There are 2 protein chains.
Amino acid sequence: MQELAVTYSIGEVAEKFGLSIPTIRYYDKEGLIPNLQKNTAGVRRFSEDNIGTLKLIECLKNAGMPIKDIKQFIQWTLLGDETLDERYQMFQELRISVQKQMKQMQETLDTVNFKCAYYQKATEDGTEKFVKDEMHLE
Amino acid sequence: MQELAVTYSIGEVAEKFGLSIPTIRYYDKEGLIPNLQKNTAGVRRFSEDNIGTLKLIECLKNAGMPIKDIKQFIQWTLLGDETLDERYQMFQELRISVQKQMKQMQETLDTVNFKCAYYQKATEDGTEKFVKDEMHLE
DNA sequence: CCTTTACCTAAAGTTAGGTTGAGGTGATTA
DNA sequence: TAATCACCTCAACCTAACTTTAGGTAAAGG
């Protein structure tokens, strides 16, 4: 029975994730992609599992987590079931943090929407004079 | 008739915004706070208008706008009605950008929520073994 | 009168998260 | 056979956004 393992080159992975090749090498160097294999010529070959790790890294980055914390998490996964509590706690804290960021982002969007309306009126008027009075004083 | 203008010290402003004093000085140096007055001793006194500018700066920072772009916007406001189009366009692009970020943040939250459920089950089980099979395959 | 407090400037230092450059390998294409 | 391509390492470099340091001023409190 054949083991036919599909793998990807660093260029393909970079393309897939919209990351630069040096960035992926940097993540590897930082230990963010465990079990990443290299062929006999020293060329990286990314497994589906490595791709999954990269997806998670992207998620954690989007959540605003610094690289060193992502690294910590990856180290925990390598230690197995002994670190389940730490990982659970990490994600619970992350959830709170992301919820807070969402709320803040919504407030930001509200302000930006207000400013859009403000400047639409202003550009229509050709001046800020009128809209300033209308919108600032209640 | 008295002009009784309320102003704030840099320490008060730092407190109000949760920023460090050097950060506010840095923003001032970068030209982000126009018309910021200093008293005869060279000490900054922040007017309500300056506070409003700082509020907007915080909003733009939260929207992910770099300092140099915020600076550009401030420069436009100083040029008056001639730059209304630029400012309107800036906020329209910013709205798109913030909406995109919100969407992405929601996806991130979904993943984080999934991971919370995953690790809750795993910590309850004391191992990842079972939850891995249950949640990964389908 | 002295010292503590809150401010000041200018310049150098720091950190995160990459990016760039020099020099090199191995496989495919002309 | 030559050259182009996609990859490699290692080390140096870069940028944004602050922070820290050194040295100094003005006013209020003990």
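The figures that follow rest on heavy atoms only: side chains count, while hydrogens, waters and symmetry mates do not. Numbered from 1 within each chain, the chains take letters A, B, ... in sequence-line order. Everything numeric in this text was worked out from a predicted model, so none of it was measured.
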Distance to the ring centre below 6.0 angstrom and angle to the axis at most 45 degrees; does that hold for A:Lys115 and A:Tyr118? yes
C:dG18 P sits how many Å from A:Ile57 CD1, rounded? 11 Å
side-chain hydrogen bond (donor to acceptor under 3.5 Å, both in side chains) partners of B:Gln37, counting only residues at least two apart: none
Atom pair distance, as rounded to whole Å: CZ in B:Phe46 and C1' in C:dC8: 12 Å
At a 4.0 Å cut-off to heavy atoms of chain B, the contacted part of DNA chain D spans D:dA17 to D:dA26
Just call it for B:Pro22: base, sugar-phosphate, or nothing, with non-hydrogen atoms closer than 4.0 Å on any strand. base
Protein-nucleotide distance (B:Asp28, atom CG; C:dC8, atom P), rounded to Å: 9 Å
Should the ring pair A:Phe91 and B:Tyr119 be called parallel, tilted or perpendicular, given that the plane angle runs from 0 to 90° and is split at 30 and 60? parallel
Applying salt bridge (Lys or Arg N to Asp or Glu O under 4.0 Å) to A:Lys129 and A:Asp125, what does each step give before you reach the verdict? CA-CA 9 Å; A:Lys129 280 195 196 73; A:Asp125 292 349; over 6 Å; no
From the set C:dT9, C:dA16, C:dG17, return the single nucleotide nearest to any side-chain atom of A:Lys68. C:dA16
Expressed as a whole number of angstroms, how long is the span from A:Phe17:CZ to C:dG17:P? 18 Å
For atom CD1 of A:Ile21 and atom P of C:dT19, their distance in whole Å: 11 Å
Applying a 4.0 Å non-hydrogen cut-off, can you work out what B:Lys61 is touching in the nucleic acid: base, sugar-phosphate, or nothing? sugar-phosphate
Under 4.0 Å between a side-chain nitrogen and a carboxylate oxygen: does that hold for B:Glu128 and A:Arg87? yes
Separation of C:dA6 P from B:Glu12 CD (nearest whole Å): 11 Å
On the nucleotide C:dA6, are OP1 or OP2 found under 4.0 Å from the side-chain N or O atoms that B:Ser9 carries? no
Name of the residue among B:Glu30, B:Met65, B:Gln75 meeting side chain to side chain contact (heavy atoms under 4.5 Å, CB included) with B:Ile70: B:Met65
Nearest-nucleotide comparison on DNA chain D, the residue closer to the 5′ end among B:Met65 and A:Arg45: A:Arg45
Between C:dG17 atom C1' and A:Arg25 atom CZ, what is the distance in whole Å? 17 Å
Measure NZ/A:Lys29 against C1'/C:dG17 and give the value in whole Å, please. 11 Å
Tell me, please, whether A:Tyr8 has A:Lys16 positioned over its six-membered ring: NZ or CZ under 6.0 Å from the ring centre and within 45 degrees of its axis? yes
